[in-house]
Amino acid sequence: MPPSAPLPVLPRAVLELAVQDPAGAVVAAGVGARRVELCSALGATGGITPSTGLVEAVVAAASVVPASDSAPLLEVHVLVRPRPGGFVYTPAETDLMARDVTLAVEAGADGVVVGALTPSGAVDLAALRALVEAAEGAEVTYHRALDVAADPAAALDVLAEAGVARVLTSGGAARAADGLDRLAALVERSADVGIEVMAGGGVTAADVPALVAVGVDAVHLSARRTVADTGGPGGGGDAGYEVTDQTLAEAAAAALRTTVDL
């Protein structure tokens with residue numbers, strides 16, 4: 001969709017796309033997404049912190065499409081996760097995340113996406129407070145660390161008090177479409193603490209109606225496909241690389257719009 005074309009209007013439950021490059025942000029803006037979550041190595045790791053240069057480039061790409069009352073300027077929220085694996089971090093890793101949060105906000109990000117747990121599965125409140133402080137007023141989303149927390153519903157209270165704006169969750173399932181009961185419970189709890197619930201995790205356009213039906217505030221998906229591109233023994237083998245797929249993104253946006261209009 002060219003930058004001059006009018007943006008489609010999405011319903012109250014908004015769309016967020018996980019993207020890995022400026023082209024992904026342009027696709028997201030074109031289909032009327034409200035936000036992107038910017039990360040690197042999404043398929044291989046579940047997402048890790050992108051470089052500051054990449055953040056700057058995606059922020060610039062997101063501003064190509066003019067904002068309007070019906071379609072606000074696309075927001076860029078940066079995943080800050082120093083490595084794959086679990087969410088129990090050392091003090092050095094927490095310090096690194098705080099530094100990356102600061103750099104992301106200085107590079108123009110509207111928000112950051114973070115998460116940290118204690119060995120017992122509770123929210124690591126000390127780490128979270130350091131990350132929220134580093135964000136200096138930018139929105140903070142708590143990522144799918146929530147899905148392996150010991151008590152996700154109770155965690156919402158802690159997160160809201162710490163200044164977190166929303167949580168990204170699959171309801172504890174491998175796919176959000178399989179975690180509808182817990183998602184519904186989290187939505188009910190979230191109304192009492194003032195925190196948004198965004199459904200994500202293996203989401204496809206076909207899953208959107210069921211997710212919207214449980215009352216989530218947003219639907220999150222990557223809409224990605226893999227481009228075959230053999231790098232040889234020094235380039236990661238034949239895994240190729242991932243891009244945001246225009247057709248998949250359009251299908252998700254259309255499903256969200258149609259579902260809410262029914």
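Quick caveat, the model's predicted, so the values are computed rather than measured.
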Exercise. Any donor and acceptor pair, going by atom type alone, linking the side chain of D147 with main-chain N or O of G172 inside 3.5 Å?
Worked result: yes

For this session: Determine, using the 4.5 Å side-chain heavy-atom cutoff (strictly less than), whether L38 and L42 are members of one ILVMFWY cluster.
Result: no

Exercise. Within a strict 4.5 Å, meaning less than it, do heavy atoms of the E37 and T141 side chains meet?
Worked result: no

Seminar exercise, completed: dist L54:CG -> T49:OG1 (nearest 0.5 Å) comes out at 11.0 Å

For this session: Count the heavy atoms of every other residue, nucleotide or ligand shown that sit under 6.0 Å from CG of D181, and state whether that count exceeds 12.
Result: no

Exercise. Judged by atom type as modelled, is there a donor-acceptor pair below 3.5 Å linking the side chain of R81 to the main-chain atoms of R83?
Worked result: yes

Problem set entry | L256 backbone acceptor or donor facing T259 side chain under 3.5 Å | no

For this session: Check whether V203 and L248 end up in the same hydrophobic cluster, where Ile, Leu, Val, Met, Phe, Trp and Tyr are linked by side-chain heavy atoms less than 4.5 Å apart.
Result: no

For this session: Output yes when a side-chain donor or acceptor of Q20 lies under 3.5 Å from a complementary backbone atom of A41, and no otherwise.
Result: yes

Problem set entry | Heavy-atom donor-acceptor pair, E93 side chain to P82 backbone, under 3.5 Å | no

Seminar exercise, completed: Sequence neighbours excluded, the answer for ring-ring contact (aromatic ring centres under 6.0 Å, His included) partners of H143 is F87

Problem set entry | Y142 reachable from M198 in the ILVMFWY side-chain graph, under 4.5 Å edges | no

Only pairs under 3.5 Å count here: list side-chain donor-acceptor contacts from residues 125-139, not counting sequence neighbours, and write none if there are none.
residue: E139; atom: OE1; partner: R166; partner atom: NH1; Å: 3.0
residue: E139; atom: OE1; partner: R166; partner atom: NH2; Å: 3.0

Exercise. Can you list every salt bridge (charged side-chain N to carboxylate O under 4.0 Å, His left out) pair that touches residues 13-29, not counting sequence neighbours?
Worked result: E16-R35

Exercise. Rest of the hydrophobic cluster containing L79 (Ile/Leu/Val/Met/Phe/Trp/Tyr, side-chain heavy atoms under 4.5 Å)?
Worked result: V113

Tell me which donor-acceptor pairs under 3.5 Å the side chains of residues 25-33 have, and how far apart each pair is, sequence neighbours excluded?
none

Return a table of donor-acceptor pairs under 3.5 angstrom between the side chains of residues 155-162 and protein atoms on other chains or two or more places apart.
residue: D157; atom: OD1; partner: R189; partner atom: NE; Å: 3.2
residue: D157; atom: OD1; partner: R189; partner atom: NH2; Å: 2.9

Exercise. Would you say R225 and V243 make side-chain contact, with heavy atoms under 4.5 Å?
Worked result: yes

Problem set entry | Heavy-atom donor-acceptor pair, D110 side chain to H77 backbone, under 3.5 Å | no

